[in-house]
**Student:** 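Below: one structure in structure tokens.
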Amino acid sequence: MRDYRIRRAAVGDAAGIGWHRAAMFRDMGWIDEDELEGLTATCRAAMAVALASGEYLGWVVERDGGLVAGGGVLVRPLLPGPGHPDGGREAYVLNVYVEPAHRRHGLARRLMEEILAWSRTSGIRRVSLHASDAGRPLYLALGFTPTNELRREAMSDER
């Protein structure tokens, strides 16, 4: 991590975090290059609101005055269940992204270690995330386990 500095994200980082979020979806093949600009704009606006409200807690990595990586969490209530009979809080990790020129320097691992350390000291009972194919080996090495989650997008014309 020489020449890199990790810190908590501030509202002023919303533009960089929004760019990282949109670029992450592009890099995973979920959006085309022609969709990147529009998604970047909406992500930047959403991140500004979420950072200001405290709904999103982020960490960024800087080098030479620019953001080169980042990641964050949304904290949500955890209902009572196996392993957490009294409920608690869950941290949902998202937006873990490293600019291509800065990959393979351990930045994603360092971000995740920061997030996991914060989670431990904040009394978070469970940490979950959705992994890209590229990120999966890191998350498995950090002790995450695959789950049985399924997803269905909401259909606006259904009643």
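Computation of the quantities below employed the complete heavy-atom set of this structure, encompassing side-chain atoms and omitting hydrogens, waters and symmetry-equivalent molecules.
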**Student:** What distance separates Y139 OH from S132 OG, expressed to the nearest 0.5 Å?
**Tutor:** 6.0 Å
**Student:** Nearest heavy-atom pair of V98 and A108: which atoms, and what distance?
**Tutor:**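 Scanning both residues completely, I find the closest heavy atoms to be CG2-N, 3.9 Å.
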**Student:** Could you tell me if the side chain of R7 sits less than 4.5 Å from the side chain of D13, heavy atoms only?
**Tutor:**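 Yes, their side chains come closer than 4.5 Å.
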**Student:** Roughly how far, to the nearest 0.5 Å, is OG of S128 from CD of E149?
**Tutor:**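 The distance works out to 7.5 Å.
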**Student:** Same cluster or not: are I115 and L142 linked, directly or through other Ile, Leu, Val, Met, Phe, Trp or Tyr residues, by side-chain heavy atoms under 4.5 angstrom apart?
**Tutor:**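 The answer is yes; both residues are in one hydrophobic cluster.
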**Student:** State, with a plain yes or no, whether a side-chain heavy atom of E90 is found less than 4.5 Å away from one of R125.
**Tutor:**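 No, every pair of side-chain atoms sits at 4.5 Å or beyond.
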**Student:** Measure the shortest side-chain to side-chain distance between V75 and I124 over non-hydrogen atoms and say whether it is less than 4.5 angstrom.
**Tutor:** yes
**Student:** Quick check: closest heavy atoms across V11 and A48, and the distance to 0.1 Å?
**Tutor:**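 That closest heavy-atom pairing would be CG1-O, 4.3 Å.
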**Student:** With sequence neighbours left out, write down each residue that passes ring-ring contact (aromatic ring centres under 6.0 Å, His included) with H84, or none if nothing qualifies.
**Tutor:** none
**Student:** So, taking the atom named CG in L78 and the one named CZ in R76, what distance separates them when rounded to the nearest 0.5 Å?
**Tutor:** 9.0 Å
**Student:** Rounded at 0.5 Å granularity, tell me how far NE2 in H105 sits from CG in D3.
**Tutor:** 10.0 Å
**Student:** In the structure I gave you, are the side-chain heavy atoms of E33 and L36 within less than 4.5 Å of one another anywhere?
**Tutor:**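 Yes. Closest side-chain heavy atoms under 4.5 Å.
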**Student:** What's the shortest heavy-atom distance between C43 and G18, and which atoms?
**Tutor:** CB-O, 3.5 Å
**Student:** Do V73 and L116 belong to the same hydrophobic cluster, where Ile, Leu, Val, Met, Phe, Trp and Tyr are linked whenever their side-chain heavy atoms lie under 4.5 Å apart, directly or via other members?
**Tutor:**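 Per the 4.5 Å side-chain linkage, V73 and L116 are co-clustered.
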**Student:** Is there a side-chain contact between I17 and W59, using heavy atoms and a 4.5 Å cut-off?
**Tutor:**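 No. Closest side-chain heavy atoms not under 4.5 Å.
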**Student:** What pair of heavy atoms forms the shortest contact from L67 to G16, and how long is it?
**Tutor:** CD1-CA, 4.0 Å
**Student:** Using 0.5 Å steps for rounding, measure from the CD atom of E113 to the CD1 atom of I6.
**Tutor:** 9.0 Å
**Student:** Would you be so kind as to tabulate the donor-acceptor pairs closer than 3.5 Å made by side chains of residues 21-32, with sequence neighbours excluded?
**Tutor:**
| residue | atom | partner | partner atom | Å |
| --- | --- | --- | --- | --- |
| R21 | NH1 | N95 | OD1 | 2.7 |
| D27 | OD2 | Y97 | OH | 2.8 |
| D27 | OD2 | R103 | NH2 | 2.9 |

**Student:** Can you check whether A50's main-chain N or O pairs, donor with acceptor, with S53's side chain at less than 3.5 Å?
**Tutor:**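 Confirmed, S53 side chain pairs with A50 backbone.
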**Student:** Does one hydrophobic cluster hold both V61 and V93, with members joined at side-chain heavy-atom distances below 4.5 Å?
**Tutor:**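 They do share one cluster, since a chain of ILVMFWY contacts under 4.5 Å joins V61 to V93.
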**Student:** Are any non-hydrogen side-chain atoms of R136 and F144 less than 4.5 angstrom apart?
**Tutor:**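 Of all side-chain heavy-atom pairs linking F144 with R136, none is under 4.5 Å.
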**Student:** Any link between W118 and L111 through a network of hydrophobic side chains (Ile, Leu, Val, Met, Phe, Trp, Tyr) touching at under 4.5 Å?
**Tutor:** yes
**Student:** Is the closest side-chain heavy-atom distance between W19 and E99 below 4.5 Å?
**Tutor:** yes
**Student:** Could you state whether L138 and V68 fall into the same hydrophobic cluster, counting links through intermediate Ile, Leu, Val, Met, Phe, Trp or Tyr residues with side-chain heavy atoms under 4.5 angstrom apart?
**Tutor:**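 Same hydrophobic cluster.
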**Student:** Compare all side-chain heavy atoms of H130 with those of Y92 and state whether any distance is below 4.5 angstrom.
**Tutor:** yes
**Student:** Has the side chain of Y56 got a donor or acceptor atom that lies under 3.5 Å from a matching backbone atom of G72?
**Tutor:**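 Judged by distance alone, yes, a pair lies under 3.5 Å.
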**Student:** Give, for atom NE2 of H102 and atom OH of Y4, the distance between the pair rounded to the nearest 0.5 Å.
**Tutor:** 5.0 Å
